[in-house]
Participant: 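Sharing a structure here in structure tokens format.
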Amino acid sequence: MNLEEALYKYFGYTSFRPGQREIIESVLKGSHTLGMLPTGTGKSLCYQLPSYLMSKPALIVSPLLSLMQDQAEHLKVMGEKSVLALNSFLSIAERRRGLEELHKYRFIFVSPEMLSIDHVLAAIQRLDIGLFVIDEAHCISQWGYDFRPDYLRLGEVRKKLNCPLTLALTATASEEVRLDIISKLGLEHVEQVISSVDRANIALSIEICQSHQEKQDRLLEMARELDGSGIIYFSSKKAAESAAAFLQESGIPNVEFYHGGMESEQRMLIQQQFIIGQVRIICATSAFGMGINKQDVRFVIHFHLPSSMESYLQEIGRAGRDGKQSIAVLLYCAGDEGLPALLMEQELPTDVQIESVLAYLALNKVDLDRIPKNVHEIIYGQYSLSETQWRFMNFFISSNRTNLSMAEIIEAMKHYVKERIAYKNKQLQGFLKWLTANSCRREGVLLHFGEKEAITRPKFCCDRCGLGEGLFSSISELADRTPIKLTYEGWRQDLENILVKKREQKHEE
DNA sequence: CGGGTCGCACCTAAGTGCGACCCGGTGCTTTAGT
């Protein structure tokens with residue numbers, strides 16, 4: 001059976017999309033593979049098909065619970081029964097049974113945090129893993145160093161699993177990030193299948209505004225002028241909420257907001273409503289996006305500044321997956337870089353916090369494997385660390401305490417934090433440089449991702465090349481005014497089931 | 001850093017203008033032992 005036949009047999013498709021075949025062939029050859037495919041072009045098929053052909057289970061590391069649930073659900077809808085999403089949605093009993101019966105599953109989804117729990121890893125070690133998949137692998141680089149340190153442990157986890165065949169998948173990774181992924185996973189002899197990050201159907205536009213007010217006016221103008229679905233990105237939850245209210249009050253229908261501070265049920269609901277077209281515009285923070293499988297997003301507007309080229313590309317990449325004309329507009333006002341700069345600094349502890357917390361831990365001989373509740377209270381209260389700051393410190397201490405003294409750890413940590421903040425600032429500065437440069441935007445983006453070949457400029461390229469007339473109207477003409485089609489009829493029932501289950505769980509507690 | 005909110009002064013009544021103060025993104029996990 002050749003690959004096409006297998007594709008037809010298992011998925012009912014007759015041909016591969018660009019890049020899929022190369023990735024699958026590389027994996028089947030037994031090469032560790034880093035696959036970069038544009039979002040929405042079927043990354044999951046790249047591990048599913050090999051898993052069937054190898055007749056061995058795949059372990060898939062996924063960054064978001066909703067993403068796991070989605071993919072697991074999708075597999076089940078296609079008739080695959082042996083799927084397990086090993087996460088906190090499971091009750092204690094379900095989880096225990098899942099771990100006992102792991103060998104019965106073909107697709108096991110798991111978060112990096114789960115893999116850091118000893119008894120979970122022990123259960124997985126007993127399996128004969130055919131393929132170790134890291135979905136959205138740029139998260140290693142983007143989150144591992146501070147926000148979600150368990151991402152940096154994946155290399156260690158992989159070793160403990162006896163270095164199984166590994167496939168790292170992502171949509172946006174610069175050369176630097178790709179090398180980082182490879183080194184953090186401890187991969188040797190990696191085959192890279194890289195597709196261009198260029199999205200010719202997305203016009204790039206940057207508009208300089210003089211004030212917040214001007215931005216807001218412009219936002220309203222665009223919301224009125226542009227038909228079709230759109231996402232507007234903000235750097236704060238409050239701003240996202242108030243902009244949604246402002247647009248609604250200004251007579252724009254079907255606008256909602258979305259951010260990480262909302263109840264998860266609410267988030268799922270809004271997301272689904274957006275996907276099926278009941279909500280037209282979402283005012284969101286960076287929480288919105290990963291795993292949003294919507295083909296016809298026509299515009300992405302940045303009201304605030306993203307913190308790097310990577311984030312920018314990821315966010316605008318949610319537009320125009322159907323290949324039709326779309327636009328990405330960034331509204332910039334001098335001084336906008338203050339907020340992202342501040343956020344990235346706040347994520348990590350200050351020198352004073354590092355010194356005082358470590359001194360406190362040493363003085364009280366705190367056992368880091370069993371931290372008493374009152375110690376946490378002191379760390380969060382007296383030393384006012386955020387959860388993120390403390391998790392980072394805890395991770396840093398536990399990975400260095402066997403070979404460094406307390407004094408050395410303090411110095412090393414201060415150094416690490418300084419370097420990390422400098423690195424992130426460099427990324428922000430790089431992005432600002434692109435923003436203020438006079439050259440073609442598209443060219444700048446591609447250069448950042450190491451694509452040095454001459455580019456072909458589409459009709460609507462960017463504001464530097466000149467967008468001319470007719471862009472907005474040609475986008476608006478695409479708006480689908482036919483009644484809403486449900487792509488997946490069962491979503492409301494799924495949501496209802498999850499809500500019922502959550503209520504039951506709360507009731508038990 | 002910048003925007004939003006609050007309270008106060010104004011000095012005469014209802015609304016404005018100013019300074020002080022506060023706050024800001026991304027997500028996973030709650031399981032240990034006879």
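Just so we're on the same page: letters track the sequence lines, and every chain starts at 1. The figures that follow rest on heavy atoms only: side chains count, while hydrogens, waters and symmetry mates do not.
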Participant: In whole angstroms, how far is the C1' atom of B/dT26 from the CE atom of A/M262?
Facilitator: 15 Å
Participant: What is the pairing partner of B/dG33, taking Watson-Crick or G-U wobble pairs with both distances under 3.5 Å in any strand?
Facilitator: none
Participant: Over how many whole Å does the gap from A/Q69 atom CD to B/dC28 atom C1' extend?
Facilitator: 13 Å
Participant: Starting at atom CD of A/Q389, determine the distance to atom P of B/dT26, rounded to an integer number of angstrom.
Facilitator: 16 Å
Participant: Under 3.5 Å, is there any donor-acceptor pair linking the side chain of A/E347 to the base of B/dT26?
Facilitator: yes
Participant: What interatomic distance, in whole Å, is found between C1' of B/dA14 and the corresponding atom of B/dA9?
Facilitator: 14 Å
Participant: Do the side-chain N and O atoms of A/E214 and A/S211 include a donor-acceptor pair separated by under 3.5 angstrom?
Facilitator: no
Participant: Using a 4.0 Å heavy-atom cut-off across all strands, classify A/D150 as base, sugar-phosphate, or nothing.
Facilitator: nothing
Participant: With a 4.0 Å cut-off on heavy atoms, is A/I92 in touch with a base, just the backbone sugar-phosphate, or nothing at all?
Facilitator: base
Participant: Can you measure A/E345 atom CD to B/dG24 atom C1' for me and round it to whole angstrom units?
Facilitator: 13 Å
Participant: From B/dG33, B/dG27, B/dC28, pick the nucleotide closest to the side chain of A/R370?
Facilitator: B/dG33
Participant: Please confirm whether the backbone N or O of A/A244 pairs with a side-chain atom of A/E256, one donor and one acceptor, at under 3.5 Å?
Facilitator: no
Participant: Given side-chain contact (heavy atoms from CB on, under 4.5 Å), test A/V177 with A/T172 step by step and report yes or no.
Facilitator: CA-CA 9 Å; A/V177 171; A/T172 40; over 6 Å; no
Participant: Please report, rounded to the nearest Å, how far the C1' atom of B/dC1 is from the CD atom of A/E337.
Facilitator: 9 Å
Participant: What is the distance from CG of A/L342 to P of B/dC22, rounded to the nearest Å?
Facilitator: 15 Å
Participant: From C-beta outward on A/Q346, which listed nucleotide comes closest to its side chain: B/dG24, B/dT29, B/dT26?
Facilitator: B/dG24
Participant: Should A/E377 and A/K373 count as an ion pair when the cut-off is N to O under 4.0 Å?
Facilitator: no
Participant: Are A/R96 and B/dG33 close enough that a side-chain N or O sits under 4.0 Å from OP1 or OP2?
Facilitator: no
Participant: For B/dG15, which nucleotide is its Watson-Crick or G-U wobble mate, given both distances must be under 3.5 Å?
Facilitator: B/dC10
Participant: I'd like the P distance from B/dT29 over to B/dG25, given in whole Å.
Facilitator: 23 Å
Participant: Measure from the side chain of A/S236, starting at C-beta and using heavy atoms only, and say which of B/dT29, B/dT26, B/dG24 lies closest.
Facilitator: B/dG24
Participant: Please give the nucleotide sitting opposite B/dT5 as a Watson-Crick or G-U wobble pair, both distances under 3.5 Å, or none.
Facilitator: B/dA20
Participant: Write down the distance separating the C1' atoms in B/dC21 and B/dT26, rounded off to the nearest Å.
Facilitator: 27 Å
Participant: Strictly below 4.0 Å: does A/S88 bring a side-chain N or O up to OP1 or OP2 of B/dT29?
Facilitator: yes
Participant: Remember a base hit wins even if backbone is also touched, and classify A/H119 as base, sugar-phosphate or nothing at under 4.0 Å, heavy atoms.
Facilitator: base
Participant: Which base sits across from B/dG27 as a Watson-Crick or G-U pair, both distances under 3.5 Å?
Facilitator: none
Participant: Say we look at B/dC11 and B/dT16: how far apart would their C1' atoms be, to the nearest angstrom?
Facilitator: 13 Å
Participant: Give the nucleotide from the list B/dT31, B/dG24, B/dT26 with an atom nearest to the side chain of A/L339.
Facilitator: B/dG24
Participant: Is there a side-chain polar atom (N or O) of A/S111 under 4.0 Å from OP1 or OP2 of B/dG27?
Facilitator: no
Participant: Using atom CE of A/M114 as one end and atom C1' of B/dT31 as the other, report the distance to the nearest whole Å.
Facilitator: 11 Å
Participant: Between A/E347 and A/K424, does any NZ, NE, NH1 or NH2 come within less than 4.0 Å of an OD or OE carboxylate oxygen?
Facilitator: yes
Participant: Compare the minimum distances between each of B/dT29, B/dG27, B/dT26 and the side chain of A/I117, then state the nucleotide with the smallest one.
Facilitator: B/dT29
Participant: Quick check: do A/Y151 and A/P63 have side-chain heavy atoms less than 4.5 Å from each other?
Facilitator: yes
Participant: Any base atoms under 4.0 Å from A/P340, or only sugar-phosphate, or nothing? Heavy atoms, all strands.
Facilitator: nothing
Participant: Can a side-chain donor-acceptor contact be found between A/D217 and A/Q213 if the only test is distance below 3.5 angstrom?
Facilitator: yes
Participant: If you pin A/F234 and A/S242 to their nearest nucleotides in DNA chain B, which one's is more 5'?
Facilitator: A/S242
Participant: Between B/dG27 atom C1' and A/R148 atom CZ, what is the distance in whole Å?
Facilitator: 5 Å
Participant: Flag as yes if A/F147 stacks onto the base of B/dT26 (centroids under 5.5 Å, planes under 30°), otherwise no.
Facilitator: yes
